[in-house]
Structures are given as structure tokens and as C-alpha cells.
Amino acid sequence: MPHSPAHQAIYLDHHATTPIDPRVLAAMLPFFGPKFGNAASRSHRFGWEAEQAVEFARKRVAAIAGATPRDIVFTSGATESNNLAIKGVAEANASKGNHLVTVATEHRAVLDAVRHLERLGYTVTVLPVGADGLLDLDRLRAAIRPETLLVSVMCANNEIGVIQPIREIGSICSEKGVLFHCDAAQAFGKVPLDVNADRIDLMSMSAHKMYGPKGAGALYVRRRKVQLAAQMDGGGHESGLRSGTLNVPSIVGFGEACALCSAEMLEESSRLGGLRDRLLRQFVAGLEAVTVNGSLEHRLPGNLNVSFAGVNAETLMMSLPEVALSSGSACSSAVAEPSHVLRALGIGQDLAHSSIRFGLGRFNTAEEIDFVAGRVVESVKRLRAFTPVL
Ligand SMILES: *Cc1c(COP(=O)(O)O)cnc(C)c1O
């Protein structure tokens with residue numbers, strides 16, 4: 001990797017992960033020390049103390065989702081929650097149907113889970129999105145068949161921050177009698193979500209996307225309605241839906257992270273939206289040919305995904321070693337490929353290779369944003385001087 005972390009003072013990659021809030025860390029620490037009990041131990045104080053802490057966290061997670069605490073299943077994060085939701089529904093309902101519907105811009109954990117089911121004989125419809133990144137609701141309605149078991153649509157996208165019309169999708173699914181799973185890893189704690197008002201039957205959450213620890217998350221399961229097959233066999237923890245000793249410190253941190261997000265959501269989202277707009281304004285004022293990828297209106301307040309025409313994103317990031325950013329190209333392979341999300345928006349190769357994701361978060365300041373804006377404008381100008389394609 002070309003970037004040296006030691007020089008990266010400004011963190012603008014909050015869609016990849018968020019720093020742990022010091023208040024979350026403080027809540028977790030006793031559970032790495034004297035409160036080490038196993039929440040499944042029923043015969044002594046150590047176990048009771050851990051169980052109590054887990055149940056308190058469960059209430060806090062449920063509260064911000066508008067859910068009943070017993071419908072919250074703790075997992076290792078949104079990847080596991082997505083797998084449990086999709087494979088678990090497909091397996092438990094195989095006698096009722098074999099079709100699933102999802103969207104081209106979903107996270108890999110959803111797309112790869114449905115691919116896995118396809119290999120087992122299920123049929124999957126992957127719906128396209130418009131240039132704004134939004135799903136067409138008429139297309140969704142038309143894709144649902146009598147044998148459809150599940151519709152899986154994310155709330156906020158992890159690359160472009162675009163927020164799908166969850167409440168409308170929920171009401172279409174409920175009208176058609178199919179289950180609705182929502183990957184809310186990026187949205188949960190940042191935008192209001194309510195499993196009842198939004199008619200969500202299953203919802204994936206991840207603590208480390210909301211200032212909590214890595215390796216903790218949850219799946220909301222509307223138990224009265226949803227038949228779900230566990231994907232992990234064992235001691236029958238989490239009412240049999242997810243065996244394995246509970247990660248008590250991380251679950252406690254997840255609960256604290258939820259309470260903080262809930263208390264600060266309104267104020268924080270307007271603050272972040274203000275900073276995001278401030279960043280974009282400076283790009284537009286200082287540069288030609290800046291395009292925002294995906295709808296700006298239906299978007300997470302902390303997300304800005306922009307292409308600087310004529311400038312390679314990797315080169316731009318290398319010229320900004322003091323800022324932690326991501327590009328729209330996945331460099332997991334030797335050759336950088338434009339992401340499946342940008343391709344789904346129909347963005348051309350060149351603009352896709354020029355895409356940078358600015359992911360703002362809780363501890364970013366206006367001073368940082370102004371500094372980054374200045375540095376980006378200066379770098380883009382300099383790089384464009386070498387490649388006069390405009
Ligand atoms: C991060 C993310 C995931 C994966 O979550 P983990 O907790 O890291 O496994 C899934 N979906 C979306 C939209 C994400 O942003």
C-alpha cells in the first residue's frame with residue numbers, strides 16, 4: 001500500500017470503520033477485567049453479571065430500532081447478520097419458494113450470500129439502480145413472484161451513501177407477503193429507522209460502523225413472523241439462532257454506542273451534513289468538472305463520493321498522504337477495478353477511476369474539512385496540469 005499510516009492525521013474513511021468513542025471504550029473496559037463472566041453461566045454471580053450487561057445492551061440496541069429486545073440476535077457483525085438472514089430464511093422456507101430479490105449495489109456480504117444460494121438451486125433477481133443509485137419501486141414490485149421468499153435491500157450504501165426508500169420498500173413487501181431484510185450497517189444509528197413503521201422483518205447492524213468495537217453486531221428478527229434456520233450449531237445461545245459464547249465486552253460497547261448515537265443523532269446528522277456541504281462547496285468553487293456520484297439528496301449526511309475528471313483517484317490519494325480516504329476502485333486484485341457500485345450507476349471507466357469517497361464522522365472538525373478541501377483542490381489542479389484531457 002502506498003500510504004504511510006504514520007502521516008495520516010485526518011480520518012475521512014468512516015464507511016470502512018469508525019474509531020471507538022472513548023465513552024464506549026470506558027463502558028467496555030470492566031468486561032475485559034473483573035467482569036469476565038460467561039453470560040450463559042447460570043450458577044454464579046460472574047455469569048449473572050455478564051448476562052445482565054448483555055440484556056441491558058440488548059434493550060439499548062432494540063430501543064433505537066423500535067424493536068422488542070427478544071428480537072435482537074447478537075452476531076459478530078453485519079457480514080454474519082446478512083448471511084444468517086439470507087441463508088437462514090432461504091433454508092427455513094425452502095418448501096414455500098425458491099426466489100430472492102436484491103439490488104446490484106448491495107454489499108458483498110449480501111451479493112455473495114445470494115450467489116451461494118443460487119449454486120444450491122435458488123433463483124435470484126438482482127435489480128438495477130438508476131444513475132442516482134436509487135431502486136425503481138415499480139421494478140421491485142414487478143420482480144416479486146408467488147415463489148419469492150425474501151427481498152434484501154440495504155438502507156444506506158457504503159460507497160455512495162445513497163439511502164433507499166426503505167419505508168416504501170417495506171410496504172411493498174408487506175403488501176405482497178414477502179419478507180423484507182435490510183442491511184442497515186451504514187444507516188443504523190445515523191438515520192432514523194423503525195422496524196415497525198418501516199415494516200422491516202430482518203435488519204443487519206454492525207457496531208464498528210457506529211463508534212463501537214469491531215466483531216460485534218446484531219440481526220433484528222421479527223420472530224413472530226420469520227422462520228429462520230440457524231447457520232451455526234452449538235450451545236443454542238441467542239434462543240438457538242446463533243450459538244457461541246457471547247462477546248460480552250463488545251456487546252456492552254455496542255449497546256453504549258447505540259445509546260450515544262440515539263441521543264446525538266439529530267444534532268450530529270445536521271453537523272455532518274453541514275461539513276459535507278462545506279467540503280463540496282469548496283470543491284465546486286475551486287475546480288471544474290467535479291461530479292457527485294449518486295443522489296446528493298437521498299444520502300447519508302457524512303458521505304461524499306465525487307469524481308474529479310481526468311485525475312486518477314489512486315494518484316490523488318498518494319498526493320494527500322495526510323488524509324485517510326478510499327477510492328471507488330477495489331484494489332483487492334492486482335489491477336484496480338471500478339467498484340460494482342459505481343458500475344451499477346452506469347459511470348464510465350474513466351470517471352469511476354477518478355472517484356474518491358469522503359466519509360466524514362463524529363470527530364471531524366470544520367478546520368479539518370477546510371484543510372482537506374484546500375489540499376484536494378491544489379492537488380487536483382496540479383495533477384490536471386500534467387494530463388490536459390479537459
Ligand atoms: C461494513 C458493512 C458490512 C459488513 O459489516 P461487518 O460488521 O464489518 O461484517 C455489511 N454491509 C454494509 C453496508 C457495510 O457497510
Side-chain angles (χ1 to χ4, degrees), residues 20-21 23-32 35-42 45-85 88 181-185 187-190 192-198 200-226 228 230-232 234-263 265:
I20 291 207
D21 188 298
R23 297 167 288 182
V24 169
L25 180 60
M28 291 171 67
L29 285 176
F31 294 88
F32 286 113
K35 302 187 178 189
F36 60 84
N38 184 329
S41 298
R42 293 281 151 78
R45 178 178 71 75
F46 297 92
W48 303 331
E49 193 174 54
E51 192 199 10
Q52 230 170 46
V54 165
E55 293 317 311
F56 180 54
R58 197 185 307 280
K59 282 198 187 110
R60 298 174 115 183
V61 175
I64 107 164
T68 310
R70 64 180 295 273
D71 285 350
I72 299 296
V73 176
F74 287 119
T75 66
S76 64
T79 297
E80 185 187 338
S81 297
N82 287 341
N83 274 270
L84 175 57
H181 166 246
C182 179
D183 176 357
F188 188 64
K190 295 171 199 149
L193 277 167
D194 182 303
V195 292
N196 293 318
D198 296 329
I200 295 168
D201 298 310
L202 302 112
M203 181 168 79
S204 302
M205 301 158 250
S206 177
H208 79 95
K209 303 291 176 68
M210 52 191 295
Y211 310 95
K214 290 163 187 65
L219 179 67
Y220 162 76
V221 183
R222 190 181 295 281
R223 283 184 202 259
R224 274 170 42 200
K225 178 174 170 192
V226 178
L228 195 71
Q231 299 299 300
M232 190 99 77
H237 306 77
E238 298 296 274
S239 323
L241 288 179
R242 201 277 189 176
S243 286
T245 299
L246 290 175
N247 180 352
V248 179
S250 291
I251 288 170
V252 166
F254 183 24
E256 182 73 19
C258 287
L260 294 172
C261 280
S262 173
M265 189 186 297

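Atom CG of residue Leu193 and atom CE of residue Met203 lie 5.5 Å apart, to the nearest 0.5 angstrom. Asp71 CG to Tyr220 OH: the interatomic distance, rounded to the nearest 0.5 Å, is 5.0 Å. Rounding to the nearest 0.5 angstrom, the gap separating the CZ atom in Arg224 from the CZ atom in Arg70 is 9.0 Å. The structure places CE of Met28 at 5.0 Å from CD1 of Ile20, a figure rounded to the nearest 0.5 Å. Atom CZ in Arg242 sits 5.5 Å away from atom OG in Ser76 (nearest 0.5 Å).
Across Met205 and Val61, no two heavy atoms sit closer than the pair SD-CG1, 3.8 Å. A pairwise comparison of heavy atoms in Asp183 and Ala78 identifies OD1-CB, 4.4 Å as the closest pair. Closest approach of Val248 to Ala39, counting heavy atoms only: CG2-CB, 4.2 Å. Among all heavy-atom pairs drawn from Leu241 and Leu228, the shortest one is CD2-O, 3.8 Å. Taking each heavy atom of Val195 and Gly66 in turn, the nearest pair found is CG2-O, 3.7 Å. Closest heavy-atom contact between Gly235 and Ser243: N-OG, 3.3 Å.
Here the side chains of His208 and Pro213 are not in contact, with every heavy-atom distance at 4.5 Å or above. Counting heavy atoms from C-beta on, the side chains of Phe188 and Cys258 come closer than 4.5 Å. Residues Met210 and Phe254 are in side-chain contact: their nearest non-hydrogen atoms beyond the backbone lie under 4.5 Å apart. For the pair Gln231 and Glu80, the minimum side-chain heavy-atom distance is 4.5 Å or more.
Side chain of Glu238 to main chain of Phe74: a donor-acceptor pair is present (N/O by atom type, distance under 3.5 Å, no hydrogens or angles). Judged purely by atom type and a 3.5 angstrom limit, His237 uses its side chain to pair as donor or acceptor with the backbone of Gly244. Side chain of Asn196 to backbone of Asp198: no donor-acceptor contact under 3.5 angstrom is found. The main-chain N or O of Gly77 is found under 3.5 Å from a side-chain atom of Ser81 such that the two form a donor-acceptor pair.
A centroid separation of less than 6.0 Å is found between the aromatic rings of Phe36 and Phe46.
Sequence neighbours left out, the pairs with a member in residues 244-260 that pass side-chain hydrogen bond (donor to acceptor under 3.5 Å, both in side chains) are Arg60-Glu256, Asn247-Ser250.
Qualifying side-chain hydrogen bond (donor to acceptor under 3.5 Å, both in side chains) partners for Glu55, counting only residues two or more places apart in sequence or in other chains: Arg58.
Between Lys225 and Asp201 there is a salt bridge, with a side-chain nitrogen of the basic residue lying less than 4.0 Å from a carboxylate oxygen of the acidic one.
Atom NZ of Lys59 has 12 or fewer neighbouring heavy atoms from other residues, nucleotides or ligands inside a 6.0 Å radius. The local environment of CZ in Arg23 is crowded, with over 12 non-hydrogen atoms from other residues, nucleotides or ligands closer than 6.0 Å.
Arg223 and Ser239 share a donor-acceptor pair across their side chains, judged by distance under 3.5 Å alone. When only modelled atom types and interatomic distance are considered, Ser204 and Asn82 share a side-chain donor-acceptor pair under 3.5 Å.
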